[in-house]
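Just so it is clear: chains get the letters A, B, ... in the order the sequence lines come, proteins before strands, and each one is counted from 1.
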Amino acid sequence: MLDYIYDGSFDGLLTAVYEAYYRKETPERIMSEQCYQENLLSTKLYVETDTVKANKVYQAIKNKISYGALKNVFYVFLSELPEAGTIIYHYLKLGWKIGNQVDKHLTDDRVLTVHDISRKVGRERHLMLGFIRFRQLEGNIYYAPMEPQYNIVGLVAGHFASRLADQNWIIHDVRRGIGAVYNRKEWIITNIDVKELKFSEEERNYQQLWKEYFNNIAIKHRFNPVLQKSNMPTKYWKHLVELT
Amino acid sequence: MQLLDKLRILAAAAKYDVSCSSSGSTRKNTPGGLGNASYSGICHSWTSDGRCISLLKILFTNYCVYDCAYCVNRVSNDLPRALFTPEEVVALTINFYRRNYIEGLFLSSAVYKNPSYTMELLLKTVKKLREEENFNGYIHLKAIPGADFSLIEEAGKYADRMSVNVELPSSEGLKLLAPQKKHEAIIKPMSLLSSKITERKEEKKKYKQAPKFVPAGQSTQLIVGATPDSDLQIMKLTENLYGQFKLKRIYYSAYVPVSNHPHLPNISAPPLLREHRLYQADWLLRFYGFSAGELLDADNPNFATDLDPKTDWALRNLHLFPVEINRADYEMLLRVPGIGIKSAKRIVAARQVGPLNYSDLKKIGVVLKRAKYFITCRGRYYGATVVEPEHIRNKLLAGSKSYQPQYQQLSLFSLYPDIFAADEQLSRITGEL
């Protein structure tokens, strides 16, 4: 058994795929060092991240397979599942063999798994576009904490940069300790550590108005909390202003 | 009156309007402006009744000059009333939007003083949002029936979607429950909006810079269960509205008992299942290529309660089935119960690269517990039953949760099973009818 281990970055993963191709090896697994657990039976290869090699793979996905495949690969990478690297590796191998028709092979498990995970990540991204709640802080900065299952902060930031273009805002992935910070011009992903938050004067007022609205727009004759929870899973409730 | 009290009253007054969608518009943000529209729409929260919140849905006021029996805001109803100012609505919208609570504003109103006066207030509010606040989020605006056409037309320049609620499916129902409203007064603004939207679409083809006019189209709402109209009448009306006025959406609202008016049905709970069946049928009309006449006819004017409209149709047209998954065209696949638009598209894509077998269908997302009775896969039928309507119906119903089977364990000590009524048992013994 041969395991490839990369540093956990997207470039690292692409470099690992590059190495497998040029060394003419077929690694059993491609894993990030964060997820890797030692195993007596397997040989390990630590892949050194190389942006030139990574970029070659990136271009090869885009040109030899499709842009859609590239998006799928990136979304699966963001799922941060331990087996994500291996799944991507098998999908890409098939993709380079078949070309841009690979996403039509819906009955092939290598394709199906990638589509499944990619869809889940995409769905959470879409939900988060709705569930993110900004709080206005002193100094007119809008701050939104969130705890998504997948690492999607980079996928939602662009949406808010064009929508709330005239605001200073921070979207904070509390569990991962990272966030997107926007200064009315551009956004970056950076490490964030929040100690104390001071709300602006009118913040409590608008939170109260929003809660009042939320409670009065429901029709009690149609009370259906099961439906509510299936549309809005309770794991996201913690940071929703109207439900706290 | 405090803003909080106003919001409480005017949100509660707006809640019976079902429309919540924020889709269909591609409005972009402007330099220095706030907001944009998302083409697919975004839901921001779900309330305890399971309905989504996408827009800040409020009435401008619930002071009303009309006395429509089905409506909670009728003038004869004793309840707290409130009236916003345009500034208050603008402040709420902007501040909620900046916190990402909402996708935009859905502004409706009761008829205050007269229709044109009300429409002017609505117009003033959205104009302020767009021109003074540079707000580019989604705006859904009600066109008040009976208001001056020039006001409605001007409002269309600022709104993404406009709607006129038909409310009652037939003009008889309207006479009975809303004698002050005229059928024509509702239809006229709809046809005005529809022709303006079409006109502007043509212009857009020639000049890309032509200003927007209600880019997300118009919608309407029908109340279900307040009048004796059948599902067939409602579906025919639906079909006409989609065809004639090119409506984007029609919403169905199960009548919630808000009044004891003698002309209204005496019900304790809204007819939610009927509403659900109408939505299912609505989708069949818009996306599945069905017509109202196929789903219902004079002999069956209402939808079955135990099966969805598509399965019901399939059982009545069993001569068309089973269809071969690897050969049937897209339109026919769409008509198979258990196959939706996504799975039909996937089937068409997947079979370009190889034949599909039965286990592949599950992976693709076909609901096999329904579909298996109506398809063959590489020539084989997997339904394990005779292809007869009654057999398939029984099999389908046995799989549903609400089904109570009509049989029981027989006992040595009872002569006849309890499921037969007493006089039926007697006639079985005596042979008399």
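- Put simply, of B:Leu356, B:Leu3, B:Ile102, B:Leu56, the one with the most heavy-atom pairs under 4.5 Å next to chain A is B:Leu56.
- Ranked by non-hydrogen atom pairs under 4.5 Å with chain A, the options B:Gly50, B:Ala37, B:Ser40 are led by B:Gly50.
- Residues of residues 234-244 of chain A lying under 4.5 angstrom from chain B, judged on non-hydrogen atoms, are A:Val241, A:Glu242 by number.
- When heavy atoms are compared at a cutoff of 4.5 Å, B:Arg51 approaches chain A solely by way of its side chain, counted from C-beta outward.
- Shown here is A:Arg176, whose CZ atom has more than 12 heavy atoms of other residues, nucleotides or ligands within 6.0 Å.
- Residue B:Tyr255 places its OH atom among more than 12 non-hydrogen atoms of other residues, nucleotides or ligands, all under 6.0 Å distant.
- Of the possible donor and acceptor atoms, one in the side chain of B:Asn100 sits under 3.5 Å from a partner among the backbone N and O of A:Ile132.
- Proximity to chain B among residues 137-166 of chain A is limited to A:Tyr142, A:His159, A:Phe160, A:Ser162, A:Arg163, A:Leu164, A:Ala165, A:Asp166, judged by heavy-atom separations below 4.5 angstrom.
- Using a distance-only test at 3.5 Å, with no hydrogens or angles considered, no donor-acceptor pair links the side chain of A:Gln228 to the main chain of B:Asp49.
- Taken from CG in A:Asp116 to NZ in B:Lys363, the straight-line distance is 11.0 Å, to the nearest 0.5 Å.
- Top candidate by heavy-atom pairs under 4.5 Å with chain A, chosen from B:Gly354, B:Pro257, B:Ala14, B:Cys52, is B:Pro257.
- There is no contact between B:Ser359 and chain A, counting heavy-atom distances below 4.5 Å.
- For B:Gln2, no part sits under 4.5 Å from any heavy atom of chain A, backbone or side chain.
- With a threshold of 4.5 angstrom between heavy atoms, B:Tyr101 approaches chain A through its backbone and through its side chain.
- Only the side chain of B:Ile53 comes within contact range of chain A, with heavy atoms under 4.5 Å apart.
- Ranked by non-hydrogen atom pairs under 4.5 Å with chain B, the options A:Leu227, A:Thr107, A:Asp108, A:Leu112 are led by A:Thr107.
- In this structure, the separation between NE2 on B:His44 and CZ on A:Arg133 is 7.0 Å, given to the nearest 0.5 Å.
- Interface with chain B: from residues 194-226 of chain A, residues A:Glu202, A:Glu203, A:Tyr206, A:Gln207, A:Gln208, A:Leu209, A:Trp210, A:Glu212, A:Tyr213, A:Phe214, A:Asn216, A:Ile217, A:Ala218, A:Ile219, A:His221, A:Arg222, A:Phe223, A:Asn224, A:Pro225 qualify, criterion being any non-hydrogen pair under 4.5 Å.
- Dense packing is recorded around CZ of A:Arg175, with more than 12 heavy atoms of other residues, nucleotides or ligands lying under 6.0 Å away.
- The residue among B:Ala269, B:Pro270, B:Ser45 with the most heavy atom pairs within less than 4.5 Å of chain A is B:Ser45.
- Shown here is B:Tyr382, whose OH atom has more than 12 heavy atoms of other residues, nucleotides or ligands within 6.0 Å.
- With respect to chain A, the highest number of heavy-atom pairs below 4.5 Å among B:Leu34, B:Ile347, B:Asn95 belongs to B:Asn95.
- Around OH of B:Tyr330, the count of heavy atoms belonging to other residues, nucleotides or ligands within 6.0 Å exceeds 12.
- Contacts of B:His261 classified as ring pair (Phe, Tyr, Trp, His ring centres under 6.0 Å), with partners at least two apart in sequence or in another chain: B:His263.
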Derivation of the side-chain hydrogen bond (donor to acceptor under 3.5 Å, both in side chains) call for A:Gln136 and B:Arg98
CA-CA 9 Å; A:Gln136 193 186 31; B:Arg98 286 196 181 283; over 6 Å; no
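- Remark: A:Met232 CE to B:Thr47 OG1 distance equals 8.0 Å, nearest 0.5 Å.
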